There are 2 protein chains.
Amino acid sequence: MSEQLGLRERKKLETRQRIIDVALALFDKRGFERVPVAEIARASDVSEATVFNYFPSKEDLVYGGMQAYEDELVAAVAARPDGTSAVTAFRDFVLEPRGALAADDDGTATAAVARAARIIAGSQTLQAREQRIVDHATDALAELIARDGEAPPGLGPWVAANALMGVHRAMTRLAQRLASEGHKGAEVGRTVRAQGAAAFALLEKGLDALPV
Amino acid sequence: MSEQLGLRERKKLETRQRIIDVALALFDKRGFERVPVAEIARASDVSEATVFNYFPSKEDLVYGGMQAYEDELVAAVAARPDGTSAVTAFRDFVLEPRGALAADDDGTATAAVARAARIIAGSQTLQAREQRIVDHATDALAELIARDGEAPPGLGPWVAANALMGVHRAMTRLAQRLASEGHKGAEVGRTVRAQGAAAFALLEKGLDALPV
DNA sequence: TAGTGCGACTCTATCTTTAGAGTGACTATA
DNA sequence: TATAGTCACTCTAAAGATAGAGTCGCACTA
């Protein structure tokens with residue numbers, strides 16, 4: 001757990017995290033659009049310039065984490081070992097227990113998930129940004145898939161990428177719903193992963209496998 | 001109470017105070033000489049260079065406040081209004097209720113005084129430094145007194161300065177003793193000031209006034 | 001429709017802190 | 001008495017944060 005970071009780097013991480021915590025708390029209370037960045041800066045004990053040093057835009061205070069996750073996801077698929085299909089790499093990455101939801105004994109992480117859901121639900125700006133992130137990841141993924149097979153360039157790669165991303169989005173929404181309903185971390189994680197695995201299986205076997 | 005400082009200046013004060021607090025706590029626990037500056041820096045969450053940015057020497061962590069007080073004292077005497085004697089200006093400055101000891105309801109300040117006494121008592125280095133500070137202030141004071149009267153340059157000014165500084169030191173030691181014995185702030189302040197006033201009166205009337 | 005204000009974001013100079021290597025005194029130990 | 005180690009303190013370059021002014025788009029209002 002102790003990353004043995006230098007003082008400089010450790011303080012940067014702390015500042016970054018403090019800004020995020022403060023901002024999300026304010027967003028949750030008053031709504032994303034009704035909290036000026038200047039106020040976040042004041043409450044975080046930094047200057048406004050510092051907030052923009054860390055986060056290129058106000059939206060990144062909410063979506064920085066998600067953006068990073070999508071980037072990692074695409075990178076993981078791109079860097080998969082030979083012999084592993086893009087679909088498998090995608091599935092393995094998404095299903096891997098990770099982050100706070102893996103072991104969230106006190107419910108802190110689930111509370112954060114529920115809060116994020118509330119914040120996003122309350123802002124069209126943020127919903128639009130989520131869409132853009134997903135679209136971008138989908139395109140990148142489709143590109144990878146297209147490079148994979150020798151099939152002619154049709155709709156296949158993009159449709160496949162979209163289907164995969166759909167599982168990911170569905171898992172995210174399920175997690176948000178469960179968290180909002182008060183279920184605690186470990187259970188949420190298990191449920192989401194199980195449902196996700198089933199969904200991937202469905203896609204792999206083909207939609208014909210859907211029970212009638 | 002709110003000084004309306006900018007962010008930069010406020011953080012500097014906070015950092016400075018945090019370093020002092022951390023250092024004194026460590027000194028009290030282990031002794032001045034047995035706590036490396038590097039450890040103070042680590043525990044204060046700053047680099048060693050930063051400690052020396054704020055405090056020219058390790059001793060200044062303990063004596064910075066005292067040094068500043070002596071400087072102010074000499075400055076106050078130097079800047080006294082016309083018609084006021086150096087002795088009067090000195091006495092008024094020293095007897096004025098000031099700082100934490102003026103109103104120390106919860107005993108925080110007295111605890112700090114007692115701690116400072118313990119720390120100093122445990123280090124010859126610090127005792128020597130205290131002596132140097134007092135000597136320096138005494139010389140400066142003697143200089144001011146000498147400029148005052150037209151008397152020939154004899155021992156008078158220095159002896160007078162020393163006598164005045166003696167009252168100040170005696171008051172300090174009384175405060176440290178009372179604090180160490182568990183007396184609380186407001187009472188300590190009152191007692192010290194009363195005893196100090198009596199001591200000044202004795203000097204002013206001349207030692208012949210001492211009861212036999 | 002022109003004006004006004006707010007708020008996101010940028011830019012530059014300056015201040016503060018850190019990293020990291022180094023010096024010199026003193027201490028303990030062989 | 002040589003040797004190694006500890007520690008106070010210094011120095012320089014680079015990183016990070018702040019101040020303060022300014023741009024631009026947008027909403028509200030006269």
Side-chain angles (χ1 to χ4, degrees), chain A residues 3-20 22-24 26-27 29-64 67 119 122-129 132, chain B residues 3-20 22-24 26-27 29-64 67 119 122-129 132:
Chain A
E3 291 287 345
Q4 199 166 357
L5 293 173
L7 191 54
R8 193 178 270 168
E9 208 161 348
R10 182 159 53 78
K11 284 189 174 180
K12 277 185 67 173
L13 288 179
E14 286 171 5
T15 300
R16 182 189 181 82
Q17 195 56 51
R18 186 174 68 250
I19 294 171
I20 291 177
V22 165
L24 293 186
L26 288 171
F27 292 159
K29 197 186 326 175
R30 306 224 309 275
F32 179 78
E33 354 271 338
R34 312 182 65 166
V35 180
V37 173
E39 181 176 350
I40 297 168
R42 219 180 310 125
S44 307
D45 234 39
V46 297
S47 75
E48 194 176 344
T50 298
V51 175
F52 285 108
N53 281 346
Y54 282 97
F55 305 95
S57 79
K58 186 182 174 185
E59 296 172 19
D60 286 295
L61 285 164
V62 180
Y63 277 111
Q67 181 72 261
I119 292 172
S123 161
Q124 294 181 242
T125 305
L126 291 179
Q127 289 168 42
R129 171 71 180 258
R132 263 183 292 139
Chain B
E3 293 285 346
Q4 200 167 356
L5 293 172
L7 190 55
R8 195 178 268 169
E9 208 162 346
R10 182 160 53 79
K11 284 189 173 181
K12 275 185 71 172
L13 288 178
E14 286 171 5
T15 300
R16 181 188 183 83
Q17 196 55 52
R18 185 173 70 249
I19 295 171
I20 290 177
V22 165
L24 293 185
L26 289 171
F27 291 159
K29 198 187 322 178
R30 306 225 309 274
F32 178 79
E33 354 272 338
R34 312 182 64 166
V35 180
V37 174
E39 180 175 352
I40 298 168
R42 219 180 311 125
S44 307
D45 234 38
V46 297
S47 75
E48 194 176 343
T50 298
V51 175
F52 285 109
N53 281 347
Y54 283 97
F55 305 95
S57 79
K58 185 182 174 184
E59 295 171 18
D60 287 294
L61 286 164
V62 179
Y63 278 111
Q67 181 72 260
I119 293 172
S123 162
Q124 294 180 239
T125 304
L126 292 179
Q127 290 168 40
R129 170 71 180 258
R132 264 183 291 140

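Reckoned from all heavy atoms, side chains included, excluding hydrogens, waters and symmetry mates. Predicted model, so just to flag it, every value in this text is computed and none were measured. Chain A is the first sequence line, chain B the second, and so forth, proteins listed ahead of strands; every chain is numbered from 1.
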So do A/L126 and A/F27 actually touch side chain to side chain, heavy atoms under 4.5 Å?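 They are not in side-chain contact.
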Minimum side-chain heavy-atom gap A/Y54-A/I20 below 4.5 Å: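 Not touching, per the 4.5 Å side-chain cut-off.
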Among residues at least two apart in sequence or on other chains, which ones pass side-chain contact (heavy atoms from CB on, under 4.5 Å) with [X]?
X	value
A/R10	A/L5, A/L7, A/E14, B/D45
A/Q67	A/D71, A/R129, A/I133
B/Q124	none

Covered region of DNA chain D, 5' end to 3' end, by chain B [heavy atoms, under 4.0 Å]: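 So the contact region on DNA chain D extends D/dC7 to D/dA19.
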Please answer whether the main-chain N or O of B/T50 pairs with a side-chain N or O of B/S47 as donor and acceptor at a distance below 3.5 Å.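 Pair found, side chain donor or acceptor close to backbone of B/T50.
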Can any side-chain N or O of A/S123 pair as donor or acceptor with the backbone N or O of A/T125 at less than 3.5 Å?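 Judged by distance alone, yes, a pair lies under 3.5 Å.
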Separation of [X] atom [atom1] from [N] atom [atom2], in whole Å?
X	N	atom1	atom2	result
B/R8	C/dT16	CZ	P	6 Å
B/R34	C/dA28	CZ	P	11 Å
B/L13	C/dT16	CG	C1'	14 Å
A/K11	C/dA19	NZ	C1'	13 Å

Between A/L7 and A/E33, which has a closest nucleotide on DNA chain C that is more 5'?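 The residue closer to the strand's 5' end, by nearest nucleotide, is A/E33.
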Heavy atom of residues 48-58 of chain A under 4.0 Å from DNA chain D: which residues?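 Heavy-atom contacts with DNA chain D come from A/A49, A/T50, A/N53, A/Y54.
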Strand-adjacent residues in residues 36-43 of chain A, judged by heavy atoms under 4.0 Å from DNA chain D: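 None - not one residue of the stretch has a heavy atom sitting under 4.0 Å from the strand.
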Regarding A/D60 and A/S57, do their side chains bring together a donor and an acceptor under 3.5 Å, going by distance alone?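 The criterion, which ignores hydrogens and geometry beyond distance, is satisfied for A/S57 and A/D60.
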Mind checking B/D45 for me? I need base, sugar-phosphate or nothing, with any heavy atom below 4.0 Å counting as a touch.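 Contact class for B/D45: sugar-phosphate only.
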Under 6.0 Å from the CZ atom of A/R34, do we count more than 12 heavy atoms belonging to anything else shown?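 Not buried by this count: 12 neighbours or fewer within 6.0 Å.
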Can you tell me how far apart CZ (A/F32) and CD (A/Q127) are? Round to the nearest 0.5 Å.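 CD of A/Q127 is found 12.0 Å from CZ of A/F32.
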Quick one: closest heavy-atom pair of A/S44 and A/R18, and the distance?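 Reported closest heavy-atom pair: O-NE, 2.9 Å.
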